[in-house]
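Side chains are part of it too, since the values below use all heavy atoms of this structure and drop only hydrogens, waters and symmetry mates. A note on names: the letters A, B, ... follow the listed sequences, proteins ahead of strands, and every chain is numbered from 1.
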Amino acid sequence: MRPDSVRANTLHHVYGWLLLMPAAILLIAFTHYPTVATLINSLFSKGNIVRPSRFIGLGNYEAMLDDPIFWKAFGNNIWFAAGTIPTSMILAIAMALLVNRALPGRGFLRMAYFTPTILPMIAVANIWLFFYTPEIGLIDQILETVGLQGKNWLGDPDTVLGALIVMTIWKEAGFFMIFYLAALQNISPELNDAARLEGASRWTYFRRVLFPLLMPTTLFVAINALLNSFKLVDHLFILTKGGPDNASNLLLYYIFESAFSFLDATYAATLTMVLLALLAILAIGQFVILDKRIHYR
Amino acid sequence: MSVAALFPSRLRFGDWLETTAAWLLALLWIAPLAYAFWAAFHPSEYSTRFDLTAPLTLTNFTDALSQAPFARYMVNTFLLVTMLLAAQFILCTLAAFAFARFEFWGRDAAFALVLVQLMITPEILIVENYATLAGVGLIDTILGIGLPYMASAFGIFLLRQAFKTTPRELEEAARVEGCGWFGVLWRIYIPIAKPTYLAYGLVSVSHHWNNFLWPLVVTNSVETRPLTVGLAIFGAPESGVDWSIISAATLLSVSPLLIAFLLFQRQFIQSFMHAGIK
């Protein structure tokens, strides 16, 4: 190699790193460093004026395993995900199939389905709060007119999670719809014509042809929905504050409470590690699945 | 013959059924928002009485504006999303260009480390990030709300894809014309990636207009609070504010984004698609 091109190559390395530098510094400061700091802090005891924080190994984790609120929040997260994701995905497929064809007012329909997506969760919670309010709320008023007894939907541990799930489905189905719409647009209409010629019913066509073709989209949406379900806690601040009696508490909200209400940063770090582990597992899952998807194509 | 005659009419009946279902679902979906409009534009005694002759009013909006500094909150949100978008465009462009066009030591490892942020978003690390911001004295500043999101793995990823698919011939042609690295980036790569910038920009603005948890943690004064945090404080049940006024405040907070969405529906939906699929 000529000295000239060697120097050009060295310059490439330098340029590359210089361009990356500003973003790298911020990423390290707000993603990598705090991840490591969280791990370290989770191994220390909560400090106070009398007793400074000291290394306690896995002590916080042992305390967490004995903490009924942690298990409650963790279980709620699972129920919240199980309650919102499949239903909103089924609705999303239905919406996408409905507006993928020529029908009157298609533009309006698509807008109606998608609009909740661009509203902030805080605004959504504000609107739905009034639906769920006992007695004066809209749901109870409607029930009253047909002679049924209303109830305190958000104040009852048996109904609070369900109420939040219904609201979240409303918020998210339209978002998932657009991924199915994009996928449907890539499916050749000739497949439909061929199925019709063979005499297949529309349901058979959906089950045997469309749904399998939409599988990669379904996996993609499912994993992203699962990731989101762990990050979505804004509505709790308006609707329930995690109550009643932690019946609607979620992990990230419990982390917030531990850190900023109970001022126990090391326990919050321990809880954060659980959330990080869950997200890491999902990330690896996504990687494996996307990898398969490439082979499959 | 009778079967052939029946078939099209059965199809038409199926179409009719699907159209009806689509419309019913759409009305159900728009109902909560339509209800918020109803409550906001009518006196509070009509908030659950759907009487079409009910008088329209704007007092709920003026009341909301006089009871909380929503105009200031809106300015804060506007400053936040503008500053953040500008910083994201600059930082992500430079980093994406490095990943797409430079061979440098540790490039693949560095890219993997960038992608970590796709999973571990800053709101999960609120505790540590709060400590970091406190350490540099940026608590309760708009810059502090934006800082953790400026280097966006998502933006870097999208722009890298766009830069990688740009034909090399264009770059070589520009080099012949005497362009340096910056000239090539500015004249060739950035203009070609315009649709990606638009898609990423719309997704980023919608996301940060609506973001709540991290701004709630960082801010504690009127001068820095974005709309979502201001609205959450205003609408808290213990504040005892009238329902119609809360509806008006909610609509005020979402209106800029909602109007932008209604005007540029196609671009919004396509941007969310584009950003989600890559």
Side-chain angles (χ1 to χ4, degrees), chain A residues 12-13 15-17 19-20 22-24 26-27 29-32 34-35 37-38 95 98-99 103-105 108-109 111-116 118-123 126-128 130 138 141 170 178-179 182 227 231 233-234 237-238 252 255-256 259-260 265 268-269 272 275-276 279-280 283, chain B residues 18-19 21-23 25-26 29-30 32-33 36 48 91-92 94-95 97-98 102-105 107 110 113-114 116-117 119-129 132 147-148 150-151 156 181 206 210 212-213 217 228 231-232 235 243 246 250 253-254 257-258 261 265 269 272-273 276-277:
Chain A
H12 258 209
H13 293 290
Y15 282 158
W17 273 107
L19 287 168
L20 185 57
L26 284 175
L27 274 169
F30 292 104
T31 300
H32 305 104
T35 305
T38 301
M95 287 169 170
L98 286 172
V99 298
L103 83 176
F108 169 79
L109 296 174
M111 182 211 72
Y113 299 150
F114 188 74
T115 302
I118 61 146
L119 300 177
M121 203 60 181
I122 292 297
N126 263 343
I127 295 170
W128 283 72
F130 190 66
L138 204 59
Q141 297 237 349
W170 176 77
I178 59 172
F179 299 108
L227 283 170
K231 296 173 186 171
V233 295
D234 300 358
F237 287 87
I238 297 277
L252 185 53
I255 291 172
F256 172 88
F260 298 103
T272 306
L275 199 50
L276 288 174
L279 295 178
Chain B
E18 275 181 33
T19 306
W23 274 88
L25 191 62
W29 235 245
I30 209 78
L33 196 61
T48 57
L91 291 177
C92 297
L94 296 180
F97 191 51
F102 288 84
E103 294 278 345
F104 56 89
W105 295 300
R107 183 177 71 169
L113 281 172
V114 167
V116 166
Q117 200 215 31
M119 299 302 149
I120 306 174
T121 48
E123 49 269 15
I124 290 165
L125 299 162
I126 43 176
V127 186
E128 288 305 323
N129 283 342
T132 305
L147 209 51
M150 283 180 181
I156 295 173
W181 277 115
S206 333
N210 295 342
F212 172 73
L213 184 59
V217 168
T228 45
L231 183 63
W243 173 251
I246 293 183
T250 305
S253 312
V254 303
L257 198 60
L258 195 62
F261 166 67
Q265 228 195 96
I269 294 185
F272 276 84
M273 267 188 202
I277 287 157

Below 4.5 Å from any heavy atom of chain B, which atoms of [X] appear? Answer side chain, backbone, both or neither.
X: Leu103(A); value: side chain
X: Leu227(A); value: side chain
X: Ala29(A); value: backbone

Task: Tyr15(A) atom OH, neighbour heavy-atom count above 12 within 6.0 Å - done: no
Are the side chains of [Y] and [X] in contact, using a 4.5 Å heavy-atom criterion?
X: Leu94(B); Y: Leu20(A); result: no
X: Trp23(B); Y: Phe108(A); result: yes
X: Thr132(B); Y: Pro34(A); result: no
X: Leu33(B); Y: Leu119(A); result: yes
X: Met111(A); Y: Ile30(B); result: yes
X: Pro104(A); Y: Thr19(B); result: yes

TODO: Could you tell me which residues satisfy ring pair (Phe, Tyr, Trp, His ring centres under 6.0 Å) with Phe30(A), sequence neighbours excluded, listed by chain and number?
DONE: none
Partner chain B: residue of [options] with the largest heavy-atom pair count (under 4.5 Å):
options: Phe256(A), Phe130(A), Tyr113(A); answer: Phe130(A)
options: Leu138(A), Leu275(A), Asp234(A); answer: Asp234(A)
options: Val99(A), Leu98(A), Ile122(A), Leu26(A); answer: Ile122(A)

Checking [X] against chain A: side chain, backbone, both or neither under 4.5 Å from a heavy atom?
X: Ser206(B); result: neither
X: Ile156(B); result: side chain
X: Ser253(B); result: neither

Open item on the list: So, using side-chain hydrogen bond (donor to acceptor under 3.5 Å, both in side chains) as the criterion, who are the partners of Thr250(B) when residues are at least two apart?
Closed with: Asn126(A)
For the backbone of [Y] and the side chain of [X], can you confirm whether one donor and one acceptor N or O come within less than 3.5 Å of each other?
X: Asn210(B); Y: Ile118(A); answer: yes
X: Trp29(B); Y: Thr115(A); answer: no
X: His32(A); Y: Leu113(B); answer: yes
X: His12(A); Y: Phe102(B); answer: no
X: Trp128(A); Y: Pro32(B); answer: no

TODO: Could you check Leu213(B) against Phe237(A) for side chain to side chain contact (heavy atoms under 4.5 Å, CB included), going step by step and ending with a plain yes or no?
DONE: CA-CA 9 Å; Leu213(B) 184 59; Phe237(A) 287 87; 3.5 Å; yes
- [ ] List the steps and the verdict of side chain to side chain contact (heavy atoms under 4.5 Å, CB included) for Leu19(A) and Trp181(B).
- [x] CA-CA 11 Å; Leu19(A) 287 168; Trp181(B) 277 115; over 6 Å; no
